[in-house]
Amino acid sequence: SPRWQAGAVGGMAVVTILVAVLFGGAYMADRFATGARDIDGRVQHWERALSLLEDPLAWAFGKGTGRYPANHFLSGQAVDQSGDYRLRDVGDQRHLVLAAGKHSQGRGEMFRVSQRVDAFSGPVSFRVEARAAEAASLHVEICQKHLIYELECREAAVAVKADPAQWQALQVQLPGGGLGRGDAWAPRLLVFSVAVASAGQSVELDNLRATDANGRELLVNGNFDDGMARWFFSSDRHHLPWHMKNIGLHVLFEQGWIGLLLSSALLAAALWRVVVGRARDHALAPALAAALVGFLVVGLFDSLLDAPRVAFLFQLLALVALSLPGRTPGLRGLRAPAP
């Protein structure tokens with residue numbers, strides 16, 4: 001009955017909050033303590049993002065899929081210019097141009113290019129060929145890292161002199177012992193990263209090498225001859241320039257009011273069918289309803305659909321919910337066997 005369902009949902013919500021507060025550790029305690037400030041920051045970000053929809057056509061049809069980062073970057077405000085990278089070909093040689101954003105460059109705000117590496121014995125010797133039009137500083141690190149969350153790091157800074165015509169052979173040692181991959185049942189990923197720590201500066205990089213105490217090379221494709229193979233970029237803490245942080249506003253920005261209304265209708269129809277519609281008695285109905293509602297709850301404060309694989313799974317679940325038959329196949333007339 002609706003009353004039973006409401007009670008069950010309320011009970012699960014209470015249990016979830018208790019688990020988060022009592023067993024979430026210092027991280028969850030900090031997030032709860034800064035909740036009001038986070039909300040204010042997100043509201044300001046949403047208002048700032050929607051201001052990029054300048055004309056009625058953009059409000060009606062949106063800016064296009066995946067266009068938010070570019071629109072934010074080209075807003076005309078210096079603080080909106082986050083870091084970037086590009087490959088530059090000179091003859092048959094290729095190298096990386098890495099640029100820092102024009103905002104404050106704290107440790108978490110730096111724009112990194114990274115590569116996963118194997119366990120190593122420390123200390124690690126890092127070598128690179130670099131050149132820059134203005135003096136800049138490179139931040140180099142190897143961390144036990146999952147997504148944007150770090151556990152233990154080995155890091156160092158590299159100074160690059162102002163000389164745009166001459167490549168500089170630079171070397172630095174990352175102090176400290178080696179880092180392992182942890183237990184087989186709970187592995188810890190190791191990630192090498194390099195970033196420009198000087199706000200608004202760019203540095204050209206080539207022939208990156210990281211050698212551990214045993215002389216073993218940790219990096220692959222350090223000369224970028226294979227493009228960005230093995231490399232990926234991240235902006236660990238300064239991530240608002242990359243997405244809207246709300247699923248509804250994300251759809252509104254990319255597809256306009258028309259896209260938002262159509263997407264809302266699709267989702268409402270899917271939920272109706274598995275909650276109160278003809279497919280509510282299907283064995284998959286509760287799981288599909290929970291998955292869709294859970295996605296929407298997280299989507300209150302995250303974009304989610306800006307990751308293609310996640311967006312595909314969400315749309316697939318909605319379509320499965322819409323296509324469920326009225327009851328679980330094969331259960332009609334099922335009887336227990338006679339003793």
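Not measured: the values here are computed from a predicted model.
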Fill in: Glu54 bridged to Lys63 by N-O distance under 4.0 Å
yes
Worksheet item: Does a salt bridge link Asp80 with Arg48, judged by any charged N lying under 4.0 Å from a carboxylate O?
Response: yes
Discussion item. For the CD atom of Gln173 and the CZ atom of Phe126, what is their distance to the nearest 0.5 Å?
Written reply: 13.5 Å
Worksheet item: For the rings on Trp167 and His95, is their centre-to-centre separation under 6.0 Å?
Response: yes
Fill in: same_hphob_cluster(Leu266, Leu317) at 4.5 Å side-chain heavy-atom cutoff
no
Practice prompt. List the steps, then state whether side-chain contact (heavy atoms from CB on, under 4.5 Å) holds for Leu205 with Glu129.
Written response: CA-CA 6 Å; Leu205 303 173; Glu129 295 180 14; over 6 Å; no
Worksheet, complete the sentence: When every non-hydrogen atom of Ser114 is compared with those of Ser234, the smallest separation belongs to OG-OG, 4.4 Å
Item to complete: Supply the atom-to-atom distance His103 NE2 to Ser82 OG, rounded to the nearest 0.5 angstrom.
Response: 6.0 Å
Item to complete: Please step through side-chain contact (heavy atoms from CB on, under 4.5 Å) for the pair Thr211 and Val124, ending with a clear verdict.
Response: CA-CA 6 Å; Thr211 309; Val124 171; 5.9 Å; no
Worksheet item: Would you call Arg154-Glu141 a salt bridge at under 4.0 Å N-O?
Response: no
Worksheet item: Hey, are the side chains of His239 and Lys245 touching, using non-hydrogen atoms and a 4.5 Å cut-off?
Response: yes
Item to complete: State, with a plain yes or no, whether a side-chain heavy atom of Val140 is found less than 4.5 Å away from one of Phe192.
Response: yes
Discussion item. When you measure from the side chain of Gln168 to the backbone of Leu170, do you find a donor-acceptor pair of N or O atoms at a distance under 3.5 Å?
Written reply: no
Fill in: Shortest non-hydrogen contact between Pro286 and Ala283, atoms and distance
CD-O, 3.6 Å
Practice prompt. Answer yes or no: does atom CZ of Arg188 have more than 12 heavy-atom neighbours from other residues, nucleotides or ligands under 6.0 Å?
Written response: no
Worksheet item: Side chains of Phe295 and Leu313: does their closest heavy-atom pair fall under 4.5 Å?
Response: no
Worksheet item: Is Glu204 salt-bridged to Arg131, cutoff N-O under 4.0 Å?
Response: yes
Worksheet item: Is there a side-chain contact between Leu50 and Leu252 (heavy atoms, below 4.5 Å)?
Response: yes
Worksheet entry | Exercise: identify the closest heavy-atom pair between Ala289 and Leu271 | O-CD2, 4.1 Å
Worksheet item: Would a hydrophobic clustering, with Ile, Leu, Val, Met, Phe, Trp and Tyr connected at side-chain separations under 4.5 Å, put Leu240 with Ile247?
Response: no
Discussion item. Tell me whether Asn246 contacts the main-chain N or O of Leu249 through its side chain, where contact means a donor paired with an acceptor under 3.5 Å.
Written reply: yes
Discussion item. What I want to find out is whether Asp40 reaches Arg42 closely enough, with some N-O distance under 4.0 Å, to be called a salt bridge.
Written reply: no
Practice prompt. Supply the atom-to-atom distance Gln255 CD to Leu305 CG, rounded to the nearest 0.5 angstrom.
Written response: 8.5 Å
Worksheet item: Any donor and acceptor pair, going by atom type alone, linking the side chain of Glu254 with main-chain N or O of Gly66 inside 3.5 Å?
Response: yes
Worksheet item: Once you round to the nearest 0.5 Å, how far does CG of Asn221 lie from CZ of Arg230?
Response: 8.5 Å
Discussion item. Looking at Gln5 and Pro2, would you say the former's side chain and the latter's main chain have a donor-acceptor pair under 3.5 Å?
Written reply: no
Worksheet entry | Main-chain N/O of Pro241 paired to His45 side chain as donor or acceptor, under 3.5 Å | no
Fill in: CG on Leu52 to CE on Met244, rounded to 0.5 Å
8.0 Å
Worksheet item: Is the backbone N or O of Ala186 less than 3.5 Å from a side-chain atom of Asp183, with the two atoms forming a donor-acceptor pair by type?
Response: no
Worksheet item: Are Trp231 and Phe224 near enough that their ring centres are under 6.0 Å apart?
Response: yes
Worksheet entry | Reported OG1-to-CG distance for the pair Thr65 and Asp306, which is rounded to 0.5 angstrom | 11.5 Å
Fill in: Close side-chain approach of Ile142 to Val191, heavy-atom, < 4.5 Å
no
Worksheet item: Checking Gln144 side chain against Gly180 main chain: does a donor-acceptor pair fall under 3.5 Å?
Response: yes
Discussion item. With a sphere of 6.0 Å drawn around CZ of Arg127, does it hold more than 12 non-hydrogen atoms of other residues, nucleotides or ligands?
Written reply: yes
Discussion item. Arg209 vs Glu217, test: salt bridge (charged side-chain N to carboxylate O under 4.0 Å, His left out). Steps then yes/no.
Written reply: CA-CA 7 Å; Arg209 299 191 63 189; Glu217 178 61 44; 3.2 Å; yes
Item to complete: Give a yes or no on whether a salt bridge exists between Arg107 and Glu155, defined as a side-chain N under 4.0 angstrom from a carboxylate O.
Response: yes
Worksheet item: Any side-chain heavy-atom pair from Ser198 and Ser137 closer than 4.5 angstrom?
Response: yes
Worksheet entry | Same apolar cluster (I L V M F W Y, side chains within < 4.5 Å links), Leu267/Val297 | yes
Discussion item. Taking CZ in Phe232 as the centre, count heavy atoms belonging to other residues, nucleotides or ligands within less than 6.0 Å. Is the count above 12?
Written reply: yes
Worksheet item: Hey, is the main chain of Leu324 close enough, under 3.5 Å, to the side chain of Arg273 for a donor-acceptor pair?
Response: yes
Item to complete: Indicate the atoms forming the closest heavy-atom contact of Leu87 with Gly227, along with that distance.
Response: CD1-CA, 3.6 Å
Worksheet item: Do Asp212 and Ser121 get their side chains close enough for a donor-acceptor pair, meaning under 3.5 Å?
Response: no
Practice prompt. Kindly indicate, with the supporting measurements, whether the criterion side-chain contact (heavy atoms from CB on, under 4.5 Å) is fulfilled by Leu292 and Leu296.
Written response: CA-CA 6 Å; Leu292 294 174; Leu296 292 178; 5.7 Å; no
Worksheet entry | Short side-chain to backbone donor-acceptor contact, Asp55 and Leu57, under 3.5 Å | yes
Item to complete: Please lay out, stage by stage, how Asp84 and Val97 fare under the test side-chain contact (heavy atoms from CB on, under 4.5 Å).
Response: CA-CA 8 Å; Asp84 70 82; Val97 182; over 6 Å; no
Practice prompt. Give a yes or no on whether Val128 and Leu218 share a hydrophobic cluster (residues Ile, Leu, Val, Met, Phe, Trp, Tyr; joining criterion: side-chain heavy atoms under 4.5 Å apart).
Written response: yes
Worksheet item: Any link between Val320 and Val293 through a network of hydrophobic side chains (Ile, Leu, Val, Met, Phe, Trp, Tyr) touching at under 4.5 Å?
Response: yes
Practice prompt. For residues Phe111 and His238, determine if any side-chain heavy atom of one lies less than 4.5 Å from a side-chain heavy atom of the other.
Written response: no
Discussion item. Centre-to-centre under 6.0 Å for Trp242 and Phe233, is that the case here?
Written reply: yes
Worksheet entry | Validation row: Phe61, Ile258 side chains within 4.5 angstrom (heavy atoms) | yes
Worksheet item: Is the side chain of Asn71 donor-acceptor paired with the backbone N or O of Arg67 at a distance under 3.5 Å, no angle test?
Response: yes
Practice prompt. Heavy atoms only: give me the nearest Ala197-Gln105 pair and the separation to one decimal.
Written response: O-CB, 3.6 Å
Item to complete: Indicate whether the side chain of Glu109 and that of Ser104 have a donor and an acceptor atom separated by less than 3.5 Å.
Response: no
Practice prompt. Could you pull out the closest heavy-atom pair between Leu98 and Ala195, with the gap in Å?
Written response: CD2-CA, 3.8 Å
